[in-house]
Amino acid sequence: MAVNPQPGALLGRRGRLELDEVLASLVVDGYLTGEDAKRVRMSSRSGKSAIELHPLVLVANSKLENRREVGRPLSLETLVEWLAGKANLPYLKIDPMKVNVAQVTQVVSSAYAQRHRILPVAASSVEVTFATAEPFDMGWANDLGHMLRRDIRRVVSSPIDINRYLLEFYGVQRSIQLAQDAKGGSEPSKIINFEQLVELGKAGEVGADDRHVVHIVDWLLQYAFEQRASDIHLEPRRDAGQMRFRIDGVMQKVFELPPPVMTAVTARVKILSRMDVAEKRRPQDGRIKTRSAGGREVELRISTMPTAFGEKVVMRIFDPDLVMKDFAQLGFSADEDRLWRSMVERPHGIVLVTGPTGSGKTTTLYSTLKHLARPELNVCTVEDPIEMVSPELNQMQVQPGIELDFAAGVRTLLRQDPDIIMIGEIRDLETAQMAVQASLTGHLVLSTLHTNDSPSAVTRLLDLGVPHYLIQSTLTGVVAQRLVRTLCPHCKTVGTQDPDAWAVLTHGWDVPVPEHVFEPVGCLECRKTGFLGRTGVYEMMPVSARLRSIISSELDLGKFGDAALREGMKPLRISAAMQVAAGLTTVREVLNVLPPTDIDDSIQP
């Protein structure tokens, strides 16, 4: 009978893994069949790099079926976890956002790390942790323990990750130090968490066109795309500039750069977005069009702002694959889908989307325009700025410097024989009047307002000075929305719902506590946060005949909100409660987005 081989059975003569022994052990453990092992041997011919010849990489590249766990591919990560178990060592998926690059690269030289294929990932005064893909080659660990006079802790990681980060960590630290020295800085560079910067160049003044600065920006963008970031923040500080990403609505620190290098990176971004590089005293706006690693076109909206220590830059990322979704992907329930379609598929009227900045209004509007845009219709937009260029739309950019504001833009569009008009935002009375005029002359108008809920949109229009009788005759509906993080489908687990927290969320409504809810756990897919992506929660208020009759110049918002609820409007928190009951998010997450003090205190069913 076959017996599980001992760790020693995997060893080659020098303690390195050998393909034949690895394959034999995988067959014995039930991950492969004999035929599978033969196929791997046949494909493991010369012409491959040292990394590609690592036994685990050879097996993973053969894309074989996992015979032990049906339906789960025999991926490289699965094989590395298996190897870690064989060696009785922890498995580590290297997360560069959690590695202090400046600290770990001081432990051993690049040449030593390359020679032994080891990567320092954590260091303290008493212990250093190294990632390795050769767990049975232990000679270097004993030597380093004596040289460093610190405990050596070993973890097992992917050989591809180790090779990648060896190049990046040491290349980044060396190049940033050189860039700092070129400016005459005497302090050592501070740099945290670099994953995305490969070779940044080796010398010269720190300028926006220097090769290493160009690479910093290129890799910064690619890394942001990989991490699903919606915004990139470059923030100058006295001692070091910070780079942060907003991922699923939460700001996360990525790394730090010395001030001279941060200044050069900011200048490079301004050049790419066609801004005035010499102008640093006033805010500027621009845009960059680039491609992700997968070849998709991605647009970035750039905004600069002067601060005490230099220019702060924010880059908002618009990925067409993420911005243009169908209604189900937006998070609409079946009822919400029906209500929304009934509002936007009419030939005329005004439909408003409200919510704070970053609540997903742009995604909702663009997805709706994509749904409405047909060859027989003329769909026009006036925006400030154009969020994302789309071939189905005729888009116009607001230019305040030449007196082309929203109102003038809408006036121009009305001469362009439009069927549907999208106004980026109604900010003043003139724009609101043009929207009303467009609706009265038989056009469908979509726009946004900044209000906290749907009923408040009516009072906002009244406050701007729109006569109540024009609101009565043109307003079709209002939708307020927010974004909440969704639980990671790979690791979420069944939990129990606290009745008190549920009562806080649903107060005033008879919504039973769900039998099954899910809780976040955290895994490699969601970067240990327990959440992956976001979905919308909506408060839909179609303006019925009864609501029209209530609108007056002396509108009482409380009474109007009560009437909207009686007409069937469900507040944001009830829409969110349905998402909790569906297992998509948690009550805690919803209350972070909709604090109890803000959820319909003035509106009761």
Side-chain angles (χ1 to χ4, degrees), residues 75 77-78 80-81 90-101 121-122 129 131 155 157-158 161 165 192-196 220-233 235 242-256 292-293 314-317 319 321-322 325 329-331 356-360 363 482-498 501 505 516-537 576-577 579-595:
S75 65
E77 295 303 330
T78 300
V80 174
E81 287 188 68
Y91 163 75
L92 175 69
K93 173 66 174 176
I94 301 172
D95 183 353
M97 293 179 72
K98 297 179 180 177
V99 176
N100 187 328
V101 176
V121 292
T129 301
V155 295
S157 297
S158 162
D161 285 352
Y165 298 131
I192 308 175
N193 306 328
F194 276 92
E195 187 220 355
Q196 72 283 27
L220 171 67
L221 298 181
Q222 292 300 329
Y223 185 41
F225 301 155
E226 290 176 11
Q227 300 302 316
R228 302 177 297 103
S230 61
D231 301 87
I232 304 169
H233 292 246
E235 302 170 323
Q242 292 187 2
M243 292 187 176
R244 296 196 292 170
F245 291 166
R246 186 178 295 277
I247 302 174
D248 292 338
V250 179
M251 293 287 283
Q252 296 189 18
K253 186 176 179 180
V254 181
F255 53 86
E256 294 181 354
S292 68
V314 175
M315 294 180 270
R316 174 159 287 188
I317 300 171
D319 186 335
D321 290 351
L322 300 179
K325 303 178 179 180
Q329 290 175 312
L330 291 175
T357 301
S359 59
T363 300
R482 299 290 191 280
L483 291 177
V484 296
R485 292 188 297 171
T486 53
L487 290 164
C488 174
H490 304 282
C491 64
K492 66 180 181 181
T493 185
V494 177
T496 57
Q497 180 58 58
D498 177 8
L505 179 62
H516 302 290
V517 295
F518 289 86
E519 296 175 348
V521 176
C523 66
L524 298 176
E525 295 290 335
C526 60
R527 307 184 72 88
K528 304 291 186 182
T529 64
F531 294 91
L532 188 64
R534 290 188 290 177
T535 191
V537 292
Q579 300 284 33
V580 173
L584 294 178
T585 189
T586 67
V587 170
R588 180 185 293 273
E589 171 64 18
V590 170
L591 294 180
N592 285 338
V593 177
L594 299 170

*Asks:* With the side chain counted from C-beta on, respond yes when Leu220 and Phe245 share a heavy-atom pair under 4.5 Å apart, and no when they do not.
*Replies:* yes
*Asks:* If you measure from OG1 on Thr363 to CG on Leu483, what distance do you get to the nearest 0.5 Å?
*Replies:*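 Reported to 0.5 Å precision, the distance equals 7.0 Å.
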*Asks:* For a quick test of reading the model, state the closest non-hydrogen atom pair linking Val121 to Ala131 and the distance between them.
*Replies:* CG1-CB, 4.2 Å
*Asks:* If I take atom CZ from residue Phe531 and atom OG1 from residue Thr486, how far apart are they, to the nearest 0.5 angstrom?
*Replies:* 8.5 Å
*Asks:* Under the side chain to side chain contact (heavy atoms under 4.5 Å, CB included) test, which residues partner Asp231, sequence neighbours left out?
*Replies:* His233, Arg246, Val314, Arg316
*Asks:* Tell me, please, which residues at least two apart from Ala577 pass side chain to side chain contact (heavy atoms under 4.5 Å, CB included).
*Replies:*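 Ala577 satisfies side chain to side chain contact (heavy atoms under 4.5 Å, CB included) with Trp502, Leu505, Thr506 once adjacent residues are dropped.
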*Asks:* Measuring from atom CZ of Phe518 to atom SG of Cys491, what distance do you get when rounded to the nearest 0.5 angstrom?
*Replies:*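 It comes to 11.5 Å.
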*Asks:* Look at the side chain of Asp248 and the backbone N and O of Gly533, then say whether any donor-acceptor pair between them is shorter than 3.5 Å.
*Replies:* yes
*Asks:* Do you know the tightest heavy-atom contact between Thr535 and Gly331?
*Replies:* OG1-CA, 3.3 Å
*Asks:* Once side-chain hydrogen bond (donor to acceptor under 3.5 Å, both in side chains) is applied, do any residues pair with Glu589, and if so which ones, sequence neighbours excluded?
*Replies:*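 With sequence neighbours excluded, Glu589 shows a side-chain hydrogen bond (donor to acceptor under 3.5 Å, both in side chains) to Arg485, given in chain and number order.
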*Asks:* Can you name the residues that form a side-chain hydrogen bond (donor to acceptor under 3.5 Å, both in side chains) with Arg534, not counting sequence neighbours?
*Replies:* none
*Asks:* How long is the gap from CE on Met243 to CD on Glu235, to the nearest 0.5 Å?
*Replies:* 10.5 Å
*Asks:* Could you work out, with side-chain hydrogen bond (donor to acceptor under 3.5 Å, both in side chains) as the rule, every residue matching Glu77, not counting sequence neighbours?
*Replies:*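 So Glu77 forms a side-chain hydrogen bond (donor to acceptor under 3.5 Å, both in side chains) with Tyr91, Lys93.
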*Asks:* Could you pull out all residues at least two apart from Pro356 that satisfy side chain to side chain contact (heavy atoms under 4.5 Å, CB included)?
*Replies:*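 Pro356 satisfies side chain to side chain contact (heavy atoms under 4.5 Å, CB included) with Ser359, Arg482 only.
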*Asks:* Can you list the residues that meet the salt bridge (charged side-chain N to carboxylate O under 4.0 Å, His left out) rule with Glu519, with sequence neighbours excluded?
*Replies:* none
*Asks:* Among all residues two or more places apart in sequence or in another chain, which pass the side chain to side chain contact (heavy atoms under 4.5 Å, CB included) test with Leu584?
*Replies:* Gln579, Ala582
*Asks:* Could you tell me if the side chain of Cys488 sits less than 4.5 Å from the side chain of Pro520, heavy atoms only?
*Replies:* no
*Asks:* With a 4.5 Å heavy-atom cut-off, do Thr586 and Val517 have their side chains touching?
*Replies:* no
*Asks:* Taking the side chain as C-beta and beyond, is there a heavy-atom pair between Met315 and Leu221 under 4.5 Å?
*Replies:*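 Yes. Closest side-chain heavy atoms under 4.5 Å.
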*Asks:* Any sub-3.5 Å donor-acceptor pair from Thr585's side-chain atoms to Val580's backbone N or O?
*Replies:*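 Checked: no pair found.
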*Asks:* Less than 4.5 Å apart, any side-chain heavy atom of Ser230 and any of Ile317?
*Replies:* no
*Asks:* Could you give the distance from SG (Cys526) to NZ (Lys492), rounded to the nearest 0.5 Å?
*Replies:* 12.0 Å
*Asks:* Between Ala576 and Val537, what is the shortest heavy-atom contact and its length?
*Replies:*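 So the minimum-distance heavy-atom pair works out to CA-CG1, 3.6 Å.
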*Asks:* Is any side-chain heavy atom of Arg244 less than 4.5 Å from a side-chain heavy atom of Gln252?
*Replies:*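 The answer is no, as the side chains (C-beta and beyond) never meet within the 4.5 Å cut-off.
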*Asks:* Give the intermediate values and the outcome of side-chain contact (heavy atoms from CB on, under 4.5 Å) for residues Val254 and Tyr223.
*Replies:* CA-CA 10 Å; Val254 181; Tyr223 185 41; 3.6 Å; yes
